Peer 1: 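I'd like to ask some things about the structure below.
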Amino acid sequence: MFTARRLLLVEPSITLVITGEALARREAGDDIMILSAGEPDFITPKYIRDYAIEAIERGFTHYTETAGILPLRELIVKKFKEDNGLDYTPSNIIVSTGAKQSIFNVMESILDDNDEVIIPSPYWVSYPEIVHLAGGKPVIVDTEEDGFILTAEKLKKNISNRTKAIILNTPNNPTGMVYYKDTLEELADVIVENDLLCISDEIYEKVLYDGKKHYSIAALGEDIKNNTVVINGFSKSYAMTGWRIGYAAGPEFIIKNCLKLQGHSTSCPSSIGQAAAYAALKNKNEEFDNMLATFDKRRRYIMEKLDQLEGISYIRPEGAFYFFINISNFYGHKGVNDSLSFCNYLLKNGNVAVTPGKAFGMDDYIRISYAVSTAEIERAMEKFKKVLEMLVE
Ligand SMILES: Cc1ncc(COP(=O)(O)O)c(C=O)c1O
């Protein structure tokens with residue numbers, strides 16, 4: 001009686017089921033390795049923490065402008081120019097309580113009931129749920145056969161007269177795939193031709209390996225820029241998940257609509273979080289190179305270990321900090337017949353927590369995060385190998 005109908009469509013996070021159990025067992029004294037986290041294991045760099053403390057002491061503790069303080073938006077404008085070759089003004093920018101709220105704002109601003117949003121699968125777990133909450137209909141498009149990249153052809157095939165938007169995520173969570181410029185150009189043509197809005201989630205833009213370059217689809221021409229909202233934030237590149245600061249950049253009328261929503265929901269992002277984000281962009285993040293080098297070392301280590309295992313397959317990640325691994329060859333053994341039962345088996349018998357692919361729309365896979373200490377990864381990979389052997393013995 002007191003559950004809204006639109007919430008009935010929303011799934012609780014499967015990720016939390018596994019992580020919750022893993023944490024409970026760790027607290028009970030078990031030696032559990034948790035490779036399901038979606039956040040850097042590093043602490044926020046010191047120059048950012050120091051500036052935030054100073055902001056508190058100076059009394060920067062009040063509501064701010066709904067869109068976020070102007071000096072921060074000006075720095076975001078500068079970032080877009082320097083990193084992405086994009087020209088925005090502060091009125092094209094809204095700072096929010098994490099990129100998640102930025103995506104929420106945009107969906108709520110653009111969708112009428114049953115409007116469709118194309119979501120390439122595998123996808124970040126919250127996209128379909130955010131679309132549902134905004135009254136829209138997610139249209140999931142499987143990209144497995146195309147190497148986890150949405151092609152222009154597939155996009156075209158899935159457009160209907162109700163399609164309003166498409167979500168792109170590069171570098172991708174959970175696959176680590178990076179969209180190359182030529183693919184983005186082809187997608188941009190289809191998006192513009194069909195007058196869709198592209199929501200381009202670029203939150204992992206700096207977490208790239210093997211010399212790969214990040215391209216923002218919005219930078220590929222004035223037409224696609226007018227049909228794109230770029231989403232970004234501080235959580236991943238600056239190890240700032242708990243500060244909850246993200247942002248959206250796009251056409252002024254969309255940002256204005258987001259402002260209406262934000263003004264009546266959270267009023268503004270946290271002043272202290274904004275001060276920290278300001279410091280993050282104002283100075284050079286000396287610690288980032290180290291963080292990236294550590295991620296890359298772990299990524300190479302895991303690849304080396306995975307390559308020695310039989311029966312699994314994965315695509316070499318080029319960005320973010322995840323592996324998306326096909327483990328379906330192990331289904332049919334010892335009660336394991338989908339990604340959730342696989343993860344439960346791995347947790348029970350190997351003390352390793354990973355995320356079931358079902359959370360990302362692909363039940364033949366699991367996601368391993370390497371945003372955890374190298375020592376934990378090394379032990380977890382040993383256990384993973386043993387559990388695979390156990391499953392088929
Ligand atoms: C692809 C993707 N987009 C957005 C977010 C949300 O980030 P934030 O912490 O800024 O809300 C995440 C977090 O895991 C993510 O993986």
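Atoms within each ligand, like the ligands themselves, are counted from 1 in listed order. What you see is a predicted model, and the numbers here were worked out from it, not measured in a lab.
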Peer 1: Whether K100 engages the ring of F104 as a cation-pi pair (distance to the six-membered ring centre under 6.0 angstrom, angle to the ring normal within 45°) should be assessed.
Peer 2: no

Peer 1: Between K100 and ligand 1, does any nitrogen or oxygen pair lie at a separation below 3.5 Å?
Peer 2: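 Yes: some nitrogen or oxygen of K100 is under 3.5 Å from one in ligand 1.
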
Peer 1: Does ligand 1 come near enough to T241 that some N or O of the ligand is less than 3.5 Å from an N or O of the residue?
Peer 2: no

Peer 1: Do D142 and S121 have side-chain N/O donor and acceptor atoms under 3.5 Å apart?
Peer 2: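 The answer is no; no qualifying pair exists.
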
Peer 1: Among Y314, F360, F342, F148, exactly one meets ring pair (Phe, Tyr, Trp, His ring centres under 6.0 Å) together with Y365. Which residue is that?
Peer 2: F148

Peer 1: How does F234 reach ligand 1, if at all, at less than 4.0 Å between non-hydrogen atoms: by side chain, backbone, both, or neither?
Peer 2: neither

Peer 1: If you take the nearest heavy atom of each of S96, P171, A99, which one is closest to atom 10 (O) of ligand 1?
Peer 2: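 Closest candidate by heavy-atom distance is A99.
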
Peer 1: Please state which protein non-hydrogen atom is closest to atom 3 (N) of ligand 1 and give its distance, to 0.1 Å?
Peer 2: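 Looking only at protein heavy atoms, the one closest to atom 3 (N) of ligand 1 is D201 OD2, 2.6 Å.
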
Peer 1: Any idea which part of Y127 is under 4.0 Å from ligand 1, heavy-atom wise: side chain, backbone, both or neither?
Peer 2: side chain

Peer 1: Using a heavy-atom cut-off of under 4.0 Å, does the side chain or the backbone of E39 touch ligand 1, or both, or neither?
Peer 2: neither

Peer 1: With only distance considered, is Y322 within less than 3.5 Å of ligand 1 through an N or O on each side?
Peer 2: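 Among all N and O atoms of Y322, none is under 3.5 Å from an N or O of ligand 1.
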
Peer 1: With the threshold set at under 4.0 angstrom, would you say S235 reaches ligand 1 through any of its heavy atoms?
Peer 2: yes

Peer 1: So is there a nitrogen or oxygen of T97 less than 3.5 Å from a nitrogen or oxygen in ligand 1?
Peer 2: no

Peer 1: Under a 4.0 Å heavy-atom limit, does I231 contact ligand 1 with its side chain, its backbone, both, or neither?
Peer 2: neither

